[in-house]
There are 2 protein chains.
Amino acid sequence: MADPNTSPPITSPGSRPVTIYDVARQAGVAPSTVSRAFSRPGRVNAATAERIRRVARDLGYRTNPLARALSTARTRMIAIVVPDIGNPFFTQIVRGAQTAAGEAGYTVVLADAQESDRLERAALDRTVPAVDGVVLAGSRMSDSAIRMISKQKPVVVLNRAVVDVPCLVTDNARGARDAVAHLGGLGHQQIIYVAGPAASWADGMRWQSLREAAAEHDLQVRRIGPFSPDVPGGLQAAGQLRAQPASAVIAYNDQLAIGLIRGLTAGGLHVPRQVSVVGFDNIVAAELVTPGLTTVAAPLHTQGATATRHLLAMIEGRRGRTGEPAVLPVRLVVRGSTAQRSRKRISPASGTTSVSGSAWHAPMSTSAGSR
Amino acid sequence: MADPNTSPPITSPGSRPVTIYDVARQAGVAPSTVSRAFSRPGRVNAATAERIRRVARDLGYRTNPLARALSTARTRMIAIVVPDIGNPFFTQIVRGAQTAAGEAGYTVVLADAQESDRLERAALDRTVPAVDGVVLAGSRMSDSAIRMISKQKPVVVLNRAVVDVPCLVTDNARGARDAVAHLGGLGHQQIIYVAGPAASWADGMRWQSLREAAAEHDLQVRRIGPFSPDVPGGLQAAGQLRAQPASAVIAYNDQLAIGLIRGLTAGGLHVPRQVSVVGFDNIVAAELVTPGLTTVAAPLHTQGATATRHLLAMIEGRRGRTGEPAVLPVRLVVRGSTAQRSRKRISPASGTTSVSGSAWHAPMSTSAGSR
DNA sequence: GTGAAAGCGCTAACAC
DNA sequence: GTGTTAGCGCTTTCAC
């Protein structure tokens with residue numbers, strides 16, 4: 001292997017780090033040869049290279065990424081900016097990005113914008129100059145601000161279409177159609193869409209696709225909202241829903257759907273017996289709740305990984321900016337939150353249970369460890 | 001303000017970035033003066049400085065962090081390494097780190113070790129040379145490997161005591177004592193400790209403290225496990241618990257506790273009527289589950305922030321390595337999962353409810369947005 | 001207070 | 001193949 005940075009670092013305490021000059025002197029070659037031996041193996045005599053590598057190892061040489069970066073203008077770092085790393089949706093995406101970056105030998109700088117446009121810009125200001133490219137997942141910035149950034153460094157935007165910037169979105173249209181078809185197949189005739197943030201590009205797409213799909217299937221679809229796309233938002237939506245009952249609901253995302261189910265249940269309605277609920281995204285929690293949440297699964301990890309690979313391709317000049325946003329496939333995951341429409345009209349009063357028996361349990365990551 | 005990097009970047013398209021030389025020429029001063037104007041304001045004539053700043057702004061000058069880093073050997077970046085960013089425990093810590101780093105003008109590089117010792121080292125190999133210091137939260141590496149790293153760059157270790165390396169832990173002893181006192185006060189006489197990973201430093205501390213506290217309160221405490229410190233681990237523990245019933249359980253962490261409650265409930269036991277359950281950490285989910293989880297709250301965000309501040313202090317030479325690990329206070333948060341001990345002996349057969357009514361609902365971040 | 005000049009450690013022509 | 005020589009853009013003595 002040509003990379004000196006994996007061998008055990010010799011920490012000669014108190015002495016300054018070993019450079020290619022030290023190695024060169026010791027190996028009796030020129031510094032540039034040492035450099036080549038590591039950055040362009042093959043361009044140097046096998047025997048010489050071997051000798052250099054041995055000396056480097058003995059001396060505990062490690063390449064200084066800063067120096068390399070200064071002369072190549074490549075840091076091999078990329079940034080991923082998310083509005084909230086605590087949100088499971090983004091957590092998965094970050095993981096995907098991390099995976100793809102790691103495979104390519106890149107390091108990921110994570111910037112959490114804490115839901116703030118201002119903090120996002122600040123983070124970007126600090127980060128952009130030090131990285132080779134940026135993945136923007138759920139940016140709160142304006143399109144023009146994003147375009148600005150993308151003029152400085154390669155940028156890939158996730159789940160949002162920004163003109164002139166490479167974007168990666170999921171197939172919301174397909175997801176909406178599948179969800180509607182599924183509910184239609186279960187005998188539901190009216191669907192309520194519980195909307196997410198008005199400013200959300202995905203929300204617009206989902207609602208529009210829903211309308212089209214409903215028309216095709218000869219179903220009715222109404223919309224309530226917008227709601228904050230989280231559990232509290234879902235609870236709130238549940239309240240509103242009581243006023244205009246329906247047998248089937250599609251929520252903007254899983255967190256909203258989960259809050260909704262919780263709220264409906266607390267209100268004495270049974271899911272899915274009286275109301276079927278469908279979410280979007282398939283976050284980890286979707287299969288942990290009871291009943292399991294039927295949802296339009298977005299490949300979150302893949303999304304992060306794909307965006308990152310696109311970005312790396314751009315960075316390494318293997319690919320120009322794409323015109324239309326790339327679309328990732330989705331699939332409907334059917335779980336317990338949807339069922340055949342019951343014949344009787346739903347009504348809160350007819351709810352069967354108190355809430356006391358229901359346990360509102362926890363999240364948890366899929367992975368094994370905790371510490 | 002002296003920092004040129006916050007003004008709108010002038011992206012003169014197609015032209016190479018503006019350097020101090022460009023600014024110097026345009027302002028009629030030497031490059032070194034421009035440098036000083038930004039890095040040591042005050043060491044330069046006010047008028048000159050003003051002129052330089054104006055020119056810099058007009059030209060769209062931004063300081064190149066790489067070049068600066070090369071000559072100062074400071075990148076103003078720190079790394080935080082976690083075994084799994086999907087784990088809510090670490091998510092909070094990362095946020096805290098991000099907050100503290102941001103305040104000090106530092107950028108955080110996140111490395112997710114994916115629960116692998118090997119990946120952790122690989123990430124560290126890539127990252128360490130490019131950062132000024134490292135926060136190790138839940139490292140899977142050996143003490144000696146950690147010491148190795150800490151010889152290269154400042155390191156702070158979280159929730160683990162490593163000799164010769166600055167560490168930050170929570171007051172496990174106090175937490176254990178409070179938990180025991182709480183349960184004792186509710187009339188419980190036997191406590192079962194559901195252990196986490198055998199290799200966990202925190203697990204050892206908690207168990208030991210529990211024994212001491214139990215002795216003080218004249219209670220009995222037994223231990224089962226080890227279990228994987230997550231929800232599935234808790235489910236498994238619930239199974240084992242059925243064989244040796246007790247009225248009170250303390251789990252290694254919240255995820256385990258939540259899984260445990262779920263398992264017990266599914267097995268027909270009522271929490272807290274028949275079994276009281278206490279967790280550790282107070283992850284976000286602890287207050288979202290039903291019943292709410294009584295738990296020893298660790299200041300997770302504070303942990304990340306404090307560790308980071310320590311690290312920055314070390315980096316900036318404001319502080320030497322500490323001898324003993326610093327201890328962060330904990331507090332017992334009492335919620336619905338603990339109650340007065342019922343007089344009748346518990347027995348699975350006497351369980352009152354079927355599971356059907358219980359909803360195992362979701363996680364969700366505390367924050368508002370989703371996209 | 002400001003300028004000149006020497007690096008920081010590496011890469012990249014350009015010779016030989 | 002390998003050595004020589006410039007930089008990359010900034011900071012930092014050391015003079016003036």
Side-chain angles (χ1 to χ4, degrees), chain A residues 2-5 9 15-53 55-56 59-77 128-130 132 152, chain B residues 2-5 9 15-53 55-56 59-77 128-130 132 152:
Chain A
D3 185 0
N5 302 312
S15 69
R16 58 153 199 42
V18 180
T19 73
I20 48 171
Y21 291 94
D22 302 319
V23 177
R25 195 174 332 108
Q26 187 81 14
V29 297
S32 54
T33 305
V34 177
S35 171
R36 272 189 290 256
F38 292 125
S39 53
R40 274 158 175 51
R43 295 252 226 167
V44 64
N45 181 302
T48 321
E50 178 48 35
R51 180 157 40 95
I52 291 175
R53 255 177 274 128
V55 172
L59 261 40
Y61 167 74
R62 339 230 53 190
T63 106
N64 178 332
L66 273 49
R68 186 203 292 263
L70 183 57
S71 71
T72 59
R74 284 286 160 72
T75 62
R76 297 193 77 81
M77 299 201 301
V128 167
D132 296 341
Q152 307 176 225
Chain B
D3 184 2
N5 302 310
S15 70
R16 57 153 199 41
V18 179
T19 72
I20 49 171
Y21 290 93
D22 302 319
V23 177
R25 196 175 328 112
Q26 187 81 14
V29 297
S32 52
T33 305
V34 177
S35 172
R36 273 189 288 258
F38 291 125
S39 51
R40 271 152 178 53
R43 294 253 227 169
V44 65
N45 181 302
T48 322
E50 177 48 34
R51 181 158 38 94
I52 291 175
R53 256 178 274 127
V55 172
L59 259 40
Y61 167 74
R62 340 231 51 193
T63 106
N64 178 331
L66 273 48
R68 185 201 294 260
L70 183 57
S71 68
T72 60
R74 283 286 158 72
T75 62
R76 298 193 77 81
M77 299 201 300
V128 167
D132 295 340
Q152 307 174 226

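Note on naming: letters A, B, ... go to the chains in the order of the sequence lines (proteins, then strands), and numbering restarts at 1 for each one.
Between the side chain of B:R51 and the backbone N or O of B:A27, at least one donor-acceptor pair lies under 3.5 Å. The backbone N or O of B:V29 lies less than 3.5 Å from no partner atom in the side chain of B:T33, so there is not a single donor-acceptor pair. In terms of modelled atom types and a separation under 3.5 Å, the side chain of B:R62 and the main chain of A:P129 share no donor-acceptor contact. Side-chain atoms of A:D132 come within 3.5 Å of backbone N or O of A:R76 as a donor-acceptor pair.
Atom pair A:N5:CG and C:dG9:P shows a separation of 15 Å (rounding to whole Å applied). Atom P of nucleotide C:dT11 and atom CD1 of A:I52 are separated by 12 Å, given to the nearest angstrom. The interatomic distance linking B:F38 (CZ) with C:dT2 (P) rounds to 14 Å, in whole Å.
Residues A:Y21 and B:A46 each lie close to DNA chain C; by heavy-atom proximity, the contact nearer the 5' end of the strand is made by B:A46. Residue B:L70 is the one, among B:L70 and B:R36, whose nearest nucleotide of DNA chain D lies closer to the 5' end (criterion: closest heavy atom). Between B:I20 and A:V29, the residue whose closest nucleotide on DNA chain D is further toward the 5' end is A:V29. Across the interface with DNA chain C, nearest-nucleotide mapping of A:L66 and B:V44 shows B:V44 to be the residue nearer the 5′ end.
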Are A:Y61 and A:D22 close enough, and set up right, to give a side-chain contact (heavy atoms from CB on, under 4.5 Å), and what steps lead you there? CA-CA 9 Å; A:Y61 167 74; A:D22 302 319; over 6 Å; no
Could you walk me through whether A:R40 and A:S35 pass side-chain contact (heavy atoms from CB on, under 4.5 Å), step by step? CA-CA 8 Å; A:R40 274 158 175 51; A:S35 171; over 6 Å; no
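Taken from CG in B:L70 to OG1 in B:T75, the straight-line distance is 12.0 Å, to the nearest 0.5 Å. For the atom pair OG1 of A:T48 and CZ of A:R53, the computed distance is 10.0 Å after rounding to the nearest 0.5 Å. In this structure, B:L66 CG and A:R68 CZ are separated by 12.5 Å, a value rounded to the nearest 0.5 Å.
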Any chance you could encode DNA chain C as dot-bracket? Rule is Watson-Crick or G-U wobble with both distances under 3.5 Å; [ ] for pairs crossing earlier ones, | for another strand. ||||||||||||||||
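Counting non-hydrogen atoms under 4.0 angstrom, A:G42 reaches nothing in the nucleic acid. Among the atoms of the strands shown, only primed sugar atoms or phosphate atoms (P, OP1, OP2) are found under 4.0 Å from some heavy atom of A:R40. A:S35 comes within 4.0 angstrom of a base, heavy atoms only.
For B:S32 and C:dA4, a side-chain-to-base donor-acceptor distance below 3.5 Å is present, hydrogens and geometry of angles not being considered.
Contacts between chain A and DNA chain D, taken as any atom within less than 4.0 angstrom of a protein heavy atom, begin and end at D:dG1 to D:dG9.
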